[in-house]
Amino acid sequence: MKERYDPHEIEEKWQRKWAEAKIYESDPDQDNEKKFFITIPYPYLNGNLHAGHTRTFTIGDVIARYKRMLGYNVLFPMGFHATGTPIVGLAEQIQKKDPETIRVYNKLHEIPLDVLDTIQTPEQIVEYFSREAEAAMKSIGFSIDWRRKFTTTDPHYQKFITWQFNLLHSKNKVVKGAHPVRWCPNDENPVEDHDILRGEDATIIDYTLIKFKLDNDILPCATLRPETVFGVTNLWVNPENHHVRIKVNDETWIVSKEAYLKLKFTDKNVELEGDVSAEELIGKKVKNPVTASYVLILPASFVSPGNGSGIVMSVPAHAPYDYLALRDLKGKELAKYGITEDVSSIPLISLIKVPEYGKYPAVDAVNELKVKDQNDPKAEEATKFVYRREFHGGVLTETTGKYAGMAVSKIKDVLTHDLISLGIADVFYEFSEQPVICRCGATCVIKMVKDQWFLNYSEPSWKEQVYKCLAGMQIIPPELRVDFENKVDWLKDKACARRKGLGTRLPWDKEWMIESLGDSTIYMSYYIIAKYLDKFKPEQLKDEFFNYCLLGEGTPENAAAKTGIDIGVLKGIRNDFMYWYPVDLRTSGKDLIPNHLLFFLFHHVAIFPDTLWPRAIAINGFVSLEGEKMSKSKGPLLTLKSAVKEFGADITRLYILSTAEHVQDADWRAADVESTRKQIERFYKTAFDIIHDKNNVEEAGELKFIDKWMLSKLQYRIQETTDALNKMQTRRAVQNAFYLLMNDMKWYERRGGSAARKKVLGTWIRLMAPFTPHICDEIEEELGGKFISLANYPEADPSLIDKGAELAEEITGNTLRDIEEIIRLIKIKPKRIVLYTAASWKKTVLKKAILMKKENALDMKNLMNALMSDPTIRAYAKEIPKFAQKVITDIQGMDAELMSSLIDVDFDEISALNEAREFLGRAVECPIEISSADAPGYDPQGKSRQANPMRPAIYIE
RNA sequence: GCGGGGGUAACCAAGCGGCCAAAGGUGCAGGACUUAAGAUCCUGUUGCGCAGGCAUUCGUGGGUUCAAAUCCCAUCCCCCGCACCA
């Protein structure tokens, strides 16, 4: 141990020693059933590891180290993710020498230009970044078992994925289906988020299309509120719009031209037959397929051809636009459409009852907002009000027949489903915002992708299993459990095959590549196999291999025969698997909750028995840089490598852990890291001084109050740290194990304590070892130990908790503060200070009062009675009532622990103050005298009578 | 729209019914040390106060309670996710 702290020298030294001693390489230990299998999502290899990874991985490493020190056999492996499209895309950009890509990878990812020239293919990219990632993780001291690393593009891994999908396929978890996607008609490709120029917030909304009949034609009306079909009084057609007649499958529909163009991309067969003029429609009567009543088609200007089918069903009781349009027709000449009746007298049909409005909410809303007509912007506002209130508080009335009494918020799916099965409705997809423009400039549409492979996550029985799994799991922090449950509920079928990118092909349909989130769900089990990869060729990893090793199906003999793998090896792998599985903890950034972590659960429950389902998930937030969001592709970006290079591993670790808790985002600020560096340096220096201070070698002798106080404090710090780590509150853990303990030590040294320093140091480095392993090992070595990672984590020793010492120190601290405050206020240089401890009768009063409080019997009357019956106290009858009143008030706001201390602990304030006398005198630069109010001695102002228990009176002159 | 998370002193951030004028850190101010700077340590950092005190504060407005930053109701504002993309 050198006098000057050199993080890089120390860190390289210990990383080398750890690797040489292989202390993080874990294998099943038959003598230790306490195993702990912790995993972290493997990083995606399209860039260098950054501060976000650093946070998630460091949290995992801390837990791994902590568990190891608690005596668990810990397995902490790591792999790399490379499947999918981004790496292929990156290779193309690099080959093209795209200036932006070159800049980003040179400047942000810190890859020298000459090196960038050598990583042109996806394979080279994967090779390069996996090497860099491993080096970076080693440089920060993660306690990973590197024998188990792999990359998802490895041929062996592809066999694993093949097996898995065959299995899911056979269990009917992978099915064929169709799904709407954002589609660029120009590129003829689905459009991803980052390919969108405009309208990136647009989501796909499914409208219900209700088929009104006009002779042999169908007029479909798109609606988000299919229940309102019961209140339709007419249809709306805009005479300005262009309408067409089209053949849809075996039906004939009339829609706007725009709707026709959209329908062409659905999974329906659509053929254009010809134009239809609005005049052909308006004035005709159509049949409502649900109520079988006939309603008129009327003209309205608000109907937009680009929205829905371009034909709108009118529900004036509940839709302000419909009501307004109907009202606008009053007195208009409609004879040219052959309409002779007075349409404004068409009766409204109410079907939703809502507390805020009367029978016709649309009418109330229009009147309330004084909307003029259908072109008034306020119509939009009125619509919002009505829709929101009806959705949240509305209930269907008798008008809706068998649906009466249902909540509006629940009806949509049920009714749509019913109507579709009757053949009188369909689904129509539409963007929530328009237009949506692709990067190429084309307007995007919604396309039904047909014959797509799906993981049918929406299957209720599968979800049931996941709920069951979740119920048995620990979610950290616990508040997120409800989030997980909601997301399981929300998850729909997921397309799991793609045409492009790296990956494994679908074994039964080789045109398709397995999508890259689908191949990352149960790979934790692969870490167990990965250790043995040099023992077999990819071709040997037939399904029988995995069936036996991971599922225990079939016999080892059969598996050996099929694969040509040694039967002993197979049995060994099976044993390893059963030892390590299930995953005890998976820690991850919060971005993976709605995708990867969900799939992780779904696939585990689908493939493994419940005894092997994951035990816990822990979530953490992101990392920003100086308040700015980090971005891999735009910057700013801080790589793990450069952070360690600049600050060293321990400082980086400690800082990133201490700056935020759990799901909160952490903000990396250079100024704060700098201060962490100073703290660590102080820690190092303190340790160095303690070890090399010759005067302290002999530490025997009577422990003073202050020594007992220090040891007592240490126990609390241990308790808090342990408790925090058990809840994975790394920030709180660091706070206690480092910063607060550091402050305790400062105070201890300032108070002249020394006898307990070495003892504290020995515990302290163990407490800190999971966070800053290198520096702790360096100090441990100097203390004569070896590999602190393998030492035991400190346990609080209740016998060292000393309430008396703590009270003594509290009195000392408070008294010092009081003296200083008085000096500051009266602005004199004190020449003489006298402290008076409280009269003993006051202590008796306080104790009696606390005892009464504990029995809930504390009031003035009871207390006075008790006091007056005590002859030793009655002597002070004159002073008692006032003091008793004060005591009662004080106790009201006192916490239980302090109360207990005050009655249980018997210690002498005088001796406590006497021990601190010299210190206090030095601190205020004035000699201090101490006496008791029982015999005050020198007391010119009678201050001693003000002395209270725990609060000595102070006289200054 | 749906779902989740937040609003605490100059800033970051703990606390989530009473030792709370509110941990810890940063910044700022003063002091000690030093030839000086830096580092380190101490003190202060809502207002008032020449004796350890008082008053007012935890987005805003109500309420419950002996007691509220903490519980309830209402309200305003901010952030994140909503999919075929890792």
Side-chain angles (χ1 to χ4, degrees), chain A residues 41 43-44 46 81 83-87 179 181-182 190-195 201 203-205 224 384 387-388 391 409 432 449 452 454-455 479-480 482-484 486-487 489-498 501 515-518 520 590-596 621-622 627 629 632 658-661 663-667 669 671-672 674-676 678-679 681-682 685 731-732 734-736 738-740 742-743 746 749-750 810 814-815 817-828 889-899 901 923 941 943 946 950-956:
Chain A
Y44 191 74
N46 68 340
H81 192 199
T83 39
T85 52
I87 288 174
H179 194 72
V181 296
R182 280 186 303 219
V191 187
E192 293 164 15
D193 269 348
H194 57 266
D195 283 335
D201 291 335
T203 53
I204 296 174
I205 296 178
L224 284 169
K384 269 193 181 154
Y387 284 18
R388 190 178 305 156
F391 183 81
S409 56
S432 61
V449 179
Q452 169 72 281
F454 285 89
L455 283 156
E479 307 89 85
L480 285 183
V482 59
D483 203 21
F484 270 93
N486 285 339
K487 297 251 153 68
D489 186 41
W490 152 93
L491 191 67
K492 294 185 198 156
D493 289 353
K494 168 143 178 45
C496 63
R498 293 185 59 84
E515 186 272 329
S516 75
L517 285 172
S520 307
K590 61 184 175 188
D591 51 327
L592 298 187
I593 298 175
N595 44 71
H596 163 71
F622 305 135
K629 200 176 159 183
K632 269 203 230 187
S658 65
T659 185
E661 197 81 283
V663 67
Q664 287 171 340
D665 293 344
D667 190 24
R669 303 184 192 199
D672 291 358
E674 201 45 55
S675 104
T676 301
K678 286 174 192 161
Q679 299 275 31
E681 275 170 3
R682 191 198 152 92
K685 185 176 181 308
R731 179 199 152 98
R732 192 177 133 224
V734 164
Q735 195 86 206
N736 279 279
F738 191 62
Y739 292 100
L740 294 178
M742 178 84 88
N743 285 349
K746 276 189 204 169
E749 293 190 358
R750 190 174 163 213
E810 201 175 322
N814 287 343
T815 305
R817 229 162 295 131
D818 286 347
I819 296 173
E820 283 174 337
E821 187 172 351
I822 294 167
I823 291 173
R824 196 168 51 247
L825 280 171
I826 61 179
K827 297 191 180 79
I828 61 161
T889 322
D890 286 354
I891 288 177
Q892 287 295 359
M894 201 180 269
D895 88 340
E897 206 175 315
L898 179 60
M899 279 195 264
S901 299
Q941 295 180 1
K943 288 278 179 194
Q946 290 175 14
M950 296 295 294
R951 201 87 201 258
I954 299 165
Y955 170 73
I956 298 178

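In this text the structure is predicted, and so the values were computed from the model without any measurement. Heavy atoms only: backbone and side chains are in, while hydrogens, waters and symmetry mates are out. Chain naming here is simple, since letters A, B, ... match the order of the sequence lines and numbering starts at 1 in each.
- Taking atom CG of residue A:Leu825 and atom C1' of nucleotide B:C50, one finds them 7 Å apart after rounding to whole Å.
- Here A:His596 lies out of heavy-atom contact (under 4.0 Å) with every strand.
- Applying the 3.5 Å distance criterion, the base of B:C50 shares no donor-acceptor pair with the side chain of A:Lys827.
- Nucleotides B:G27 and B:A10 have their C1' atoms positioned 7 Å apart, rounded to a whole Å.
- In this structure, A:Thr676 reaches neither bases nor backbone, as no heavy-atom distance under 4.0 Å exists between it and the strands shown.
- Secondary-structure stems of RNA chain B, taken as three or more successive Watson-Crick or G-U wobble pairs (i with j, i+1 with j-1) under a 3.5 Å distance threshold, comprise B:1-7 with B:76-82, B:10-12 with B:24-26, B:27-32 with B:40-45, B:46-48 with B:53-55, B:59-63 with B:71-75.
- Nearest nucleotide to the A:Glu820 side chain, out of B:U43, B:G4, B:G53: B:U43.
- For A:Leu455 and B:A83, the CG to P distance is 18 Å, given to the nearest whole Å.
- For A:Ile204 and B:C82, the CD1 to C1' distance is 11 Å, given to the nearest whole Å.
- For A:Ala923, the side-chain contact (heavy atoms from CB on, under 4.5 Å) test picks out A:Leu816, with sequence neighbours left out.
- A donor and an acceptor atom sit less than 3.5 Å apart, one in the side chain of A:Asp818 and one in the base of B:G52.
- Distances shorter than 4.0 Å separate none of the side-chain N or O atoms of A:Lys590 from OP1 or OP2 on B:C80.
- Of the C1' atoms belonging to B:U45 and B:U35, the separation is 31 Å, rounded to the nearest Å.
- Using a 4.0 Å heavy-atom distance criterion, A:Ile956 is classed as a base contact.
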Self-check item: Summary of protein contacts for nucleotides 13-26 of chain B, nucleotide by nucleotide, where a base hit scores B, a sugar-phosphate-only hit scores S (4.0 Å, heavy atoms)
Solution: SS---BB---BSSS
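- One P atom belongs to B:C72, the other to B:G4, and the distance between them is 16 Å to the nearest Å.
- Between A:Arg750 and B:U40 there is no side-chain polar atom (N or O) within less than 4.0 angstrom of OP1 or OP2.
- Across all strands shown, A:Leu592 has no heavy atoms under 4.0 Å from either base or sugar-phosphate atoms.
- Using a 4.0 Å heavy-atom cutoff across all strands shown, A:Phe622 reaches no nucleic acid atom at all.
- For the pair A:Lys487 NZ and B:A83 P, the computed distance is 12 Å after rounding to whole Å.
- Nucleotides B:C66 and B:G52 have their C1' atoms positioned 27 Å apart, rounded to a whole Å.
- Put simply, A:Arg682 has a side-chain N or O that comes within less than 4.0 Å of OP1 or OP2 on B:C41.
- For the pair A:Asn46 and B:A86, the criterion of a side-chain N or O lying under 4.0 Å from OP1 or OP2 is not met.
- One can place CG of A:Asn595 at 11 Å from C1' of B:C82, the figure rounded to the nearest angstrom.
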